[in-house]
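Below: one structure, written as C-alpha cells.
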Amino acid sequence: MSNQSILVIRPARTISGSVRLPGDKSISHRYAMLGAIAEGTTRLQNFSTGADCASSLGCLKTLGVGIEREGNSVVIHGRGPNLQPPGAPLDCGNSGSTMRMLSGILAGQPFSSELTGDTSLSRRPMARIISPLRMMGAQITSAQNDRPPLMISGGNLKAIDYQMPVASAQVKSSLLFAALFAAGETCIEEPVRTRDHGELALRAFGAEVTVNNKQVRIRGPQKLRALEATIPGDISSAAFFLCAAALFPQSQLTISGLGLNPTRSYLLDLLAGIGLRISVTELEEKHGELVGTVQAQGGTLRGATIASPHTEMLIDEIPVLAAIAPYTAQGIEIRDAKELRVKESDRLAAIATNLRAMGAQVDERPDGLRIPGNQLLHGAELDSFGDHRIAMAFAIAGLRAQGDTAIRGADSAVISYPEFFETLDMLRQR
Ligand code: S3P
C-alpha cells in the first residue's frame, strides 16, 4: 500500500447514528472460494467491498472461474472441483487469507500455480500451511524462510491427522479445503478455538463437517453445491465504530445486519464488560451464521485484561481496543498476542509507536502490551505502517485527542473497508 496519503482526524463531541456494514471479509473470501469449486451458480449479496476480497475474486478469475460483480453483489459460476491451470501468477495483493486459503484448494488441483503478494504479504510466514499441505501430498516451494511467493503443484492428496501448532483460522480453513480433495477422513485439531466460518461455509455449500470442541473432521472427496446468501456485516469493521461510541458517554449507535458468530462476538462481551451499554435484537441464523442488530450507548470506561483464549477471539480488534485503552479508567493489558507481530504489519510495534507519538505511556512486551488508563492524548502525525487496521484504529484514537491527528497512509483502509472514513464522518458529531 502507498504510504503517502495523509488524512486528518479532528476531535469529536460524540458518536451517533445508524449503519449497516459491508459484508464480513472472512465469510466473503470463503464463500467466493467455495462457490468457485461448487456445482452451479452462487449468488452473494453484501459481498465485502475490501481490496482483500477483490484479490480472492481476481485469483479465482485467473483460475478460469466466471465471476460477475455489480456493486456488492457477486455471481460466481462454479466450475465444480476442477479449476483451470492459471496462465499467470495469482496475485494475492495484501491478503494473507487469499494466499493461505486458496493454497488449500490449489493443493488439490493437478497443475502448478504460483501465488504472489505485495511487500507486506511477502514478509508473512507460510510454513504454517506449507508443512501440513506437504504432508497431504502437495509439492510446494517458497522463497527463503517459507515466505511468498509460493509454487504449488497439487493433486492426489491424502487425508491427515494434524495438530495445528499455531491458532489460525486461515490455516484451519486451508486444510479443510484441501481435505475436500483428499481420499479419507482428515482430522484437524487447533490449540485454541478460532473463528469457524470455514466449517459453517462448507456446510452451507452442502459438505459434511463434524466439529467436536477443538477438533474438526471432514471426509474427502466431497462435492459442493452452489449457495445464495447475503453476507452479514463485518464485526471487525463494526469494532471501530463501537470503540468510537465507547469513548463518549452520550453516544448512541445502531448497527443492523451485523455478523454475530460466537467465535467473533466476544468483542461485545468485552466492551460491555468495560462499560459500553449494549443490546442485541433481531437475532437470526443465516447459513449457520448468526446475524443481528446491535445498539450501543456510551458509559464510563473501566479497564480490562485480554489473554488467551480471548486474545485469539479478538485478534483483529486488538489494534482498536489498544487505541482506546488510554481513555479507559484502568487501562488495558493484552497478553498472548505474539501473532500480532506477523499480521499486515508488526501490530504491537505499530500500536506502541503511534500511542507514544500521541503522548501515551505504553509498555511493549514480546507478546503483548500494557497501556495504562486515564491518560490525556494529543494529536500527532502517525503512520498506518501500510496496515488497514492500524490506520482505522488511530482514526478512532484521534477522536478524543487534544488537537488534530494526521494519519499517513490512511488509504490502506481500502484493504478491508474502503468506506470507513466516510461512515466515520457521518457518525461523528462535532
Ligand atoms: C482470518 C483469520 C485471522 C485474522 C484475519 C482473517 C480468517 O488470521 O487475523 O484477518 O478469515 O480466517 P489468522 O488465521 O492468521 O489468525
Side-chain angles (χ1 to χ4, degrees), residues 1 7 15 17-35 42-58 60 67-76 93-98 101 169 195 197 200-201 204 227-245 253-261 264-265 267-268 282 284 286-287 289-294 296 316-317 319-320 344 384 387-393 395-396 410-428:
M1 291 268 50
L7 199 117
I15 289 289
S18 300
V19 283
R20 182 176 273 273
L21 301 185
D24 185 84
K25 176 161 92 67
S26 295
I27 300 175
S28 296
H29 282 298
R30 288 165 170 85
Y31 282 4
M33 290 182 198
L34 296 181
T42 286
R43 291 173 204 279
L44 304 173
Q45 304 292 335
N46 202 39
F47 192 81
S48 164
T49 51
D52 266 10
C53 294
S55 292
S56 282
L57 295 180
L60 294 169
I67 297 178
E68 292 137 38
R69 179 166 196 169
E70 222 182 279
N72 299 348
S73 306
V74 174
V75 176
I76 300 170
N94 190 245
S95 176
S97 298
T98 304
M101 296 196 282
R195 61 187 74 184
H197 303 298
L200 297 179
L227 177 73
E228 297 211 0
T230 298
I231 298 175
D234 195 323
I235 192 169
S236 297
S237 297
F240 299 105
F241 304 134
L242 290 167
C243 285
L253 174 65
T254 303
I255 307 179
S256 51
L258 189 63
L260 295 172
N261 178 314
R264 296 284 293 285
S265 62
L267 172 73
L268 300 184
E282 294 169 84
E284 53 180 329
K286 289 188 178 161
H287 305 290
E289 294 284 355
L290 280 185
V291 187
T293 294
V294 172
D316 290 338
E317 290 75 67
V320 69
E344 288 83 329
S384 71
D387 183 331
H388 55 129
R389 297 203 200 277
I390 297 297
M392 295 186 277
I396 303 306
D411 59 351
S412 54
V414 300
I415 286 299
S416 58
Y417 192 5
E419 306 84 351
F420 170 76
F421 288 105
E422 216 177 291
T423 305
L424 179 61
D425 211 43
M426 187 194 87
L427 294 174
R428 194 185 103 197

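Values reported hereafter were calculated over all heavy atoms of this structure, with side chains retained and with hydrogens, waters and symmetry mates removed.
A salt bridge links Arg195 with Asp316: the distance from a Lys NZ or Arg NE/NH1/NH2 to an Asp or Glu carboxylate oxygen falls below 4.0 Å.
One finds the NZ atom of Lys25 at 8.0 Å from the OG atom of Ser236 (value rounded to the nearest 0.5 Å). Atom CG in Leu7 sits 9.5 Å away from atom CZ in Phe420 (nearest 0.5 Å). Expressed to the nearest 0.5 Å, how far CE of Met101 lies from CE of Met33 amounts to 4.5 Å. The distance from atom CG of Leu57 to atom CG of Asp52, rounded to the nearest 0.5 Å, is 11.0 Å. From Lys286, atom NZ reaches atom CD1 of Ile27 across 11.0 Å, with rounding to the nearest 0.5 Å.
Between the side chains of Arg43 and Ser73, no donor N or O sits under 3.5 Å from an acceptor N or O. Under 3.5 Å, the side chains of Thr98 and Ser56 contain a donor-acceptor pair of N or O atoms. Side-chain contact of Glu282 with Ser256: a donor-acceptor pair under 3.5 Å is absent, judged by distance alone.
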Given the rule in the side-chain contact (heavy atoms from CB on, under 4.5 Å) test, do Asn261 and Leu200 qualify, once you have shown the distances and angles that lead to the verdict? CA-CA 10 Å; Asn261 178 314; Leu200 297 179; 3.5 Å; yes
CA sep, side-chain torsions, deciding dist, call: Tyr31, Val74, side-chain contact (heavy atoms from CB on, under 4.5 Å): CA-CA 10 Å; Tyr31 282 4; Val74 174; over 6 Å; no
Please step through side-chain contact (heavy atoms from CB on, under 4.5 Å) for the pair Asn72 and Gln45, ending with a clear verdict. CA-CA 6 Å; Asn72 299 348; Gln45 304 292 335; over 6 Å; no
Please lay out, stage by stage, how Leu268 and Leu242 fare under the test side-chain contact (heavy atoms from CB on, under 4.5 Å). CA-CA 9 Å; Leu268 300 184; Leu242 290 167; 3.8 Å; yes
Please step through side chain to side chain donor-acceptor pair (under 3.5 Å) for the pair Glu228 and Thr42, ending with a clear verdict. CA-CA 6 Å; Glu228 297 211 0; Thr42 286; over 6 Å; no
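Inter-residue side-chain proximity for His287 and Leu227 is flagged as met; some heavy-atom pair is nearer than 4.5 Å. Between Leu44 and Ile76 the shortest side-chain heavy-atom distance falls below 4.5 Å. Within the 4.5 Å cutoff, side-chain heavy atoms of Glu419 are placed close to those of Thr49. By the 4.5 Å heavy-atom criterion applied to side chains, Glu344 and Asn94 are counted as neighbours. Within the 4.5 Å cutoff, the side chain of Val19 has heavy atoms near those of the Met426 side chain. Contact of the Asp234 side chain with the Arg264 side chain is registered, since non-hydrogen atoms from C-beta on lie closer than 4.5 Å. With contacts defined as side-chain heavy-atom distances shorter than 4.5 Å, the pair Leu258/Val291 does not qualify. Within the 4.5 Å cutoff, the side chain of Leu60 has heavy atoms near those of the Ile67 side chain.
Pairing each heavy atom of Ser265 with each of Ile235, the nearest pair is CA-CD1, 3.8 Å. For Ile231 against Gly23, the heavy-atom pair with the smallest separation is CG2-CA, 3.8 Å. Across every non-hydrogen atom of Arg69 and Ser48, the tightest pair is NH2-O, 3.0 Å. A pairwise comparison of heavy atoms in Ser384 and Ala391 identifies CB-CB, 3.7 Å as the closest pair. Residues Ser95 and His29 approach most closely at OG-CE1, 3.5 Å, considering heavy atoms. Ala245 approaches Leu253 most closely through the heavy-atom pair CB-CD2, 4.1 Å.
Ring geometry for Tyr417 versus Phe241: interplanar angle over 60°, hence perpendicular rather than tilted (30 to 60°).
Taking the six-membered ring for Trp, Phe240 and Phe421 have ring centres at least 6.0 Å apart.
For Glu284, the CD atom sits in a packed shell: over 12 heavy atoms of surrounding residues, nucleotides or ligands are nearer than 6.0 Å.
Of the options Ser237, Ser412, Ser416, a side chain to side chain donor-acceptor pair (under 3.5 Å) to His388 is made by Ser416 and by none of the others.
Arg30 pairs by the side chain to side chain donor-acceptor pair (under 3.5 Å) definition with Ser173, not counting sequence neighbours. Scored by the side chain to side chain donor-acceptor pair (under 3.5 Å) test, Asn46 finds no partners at all (sequence neighbours excluded).
Using modelled atom types, no side-chain atom of Asp24 and backbone atom of Pro232 make a donor-acceptor pair closer than 3.5 Å.
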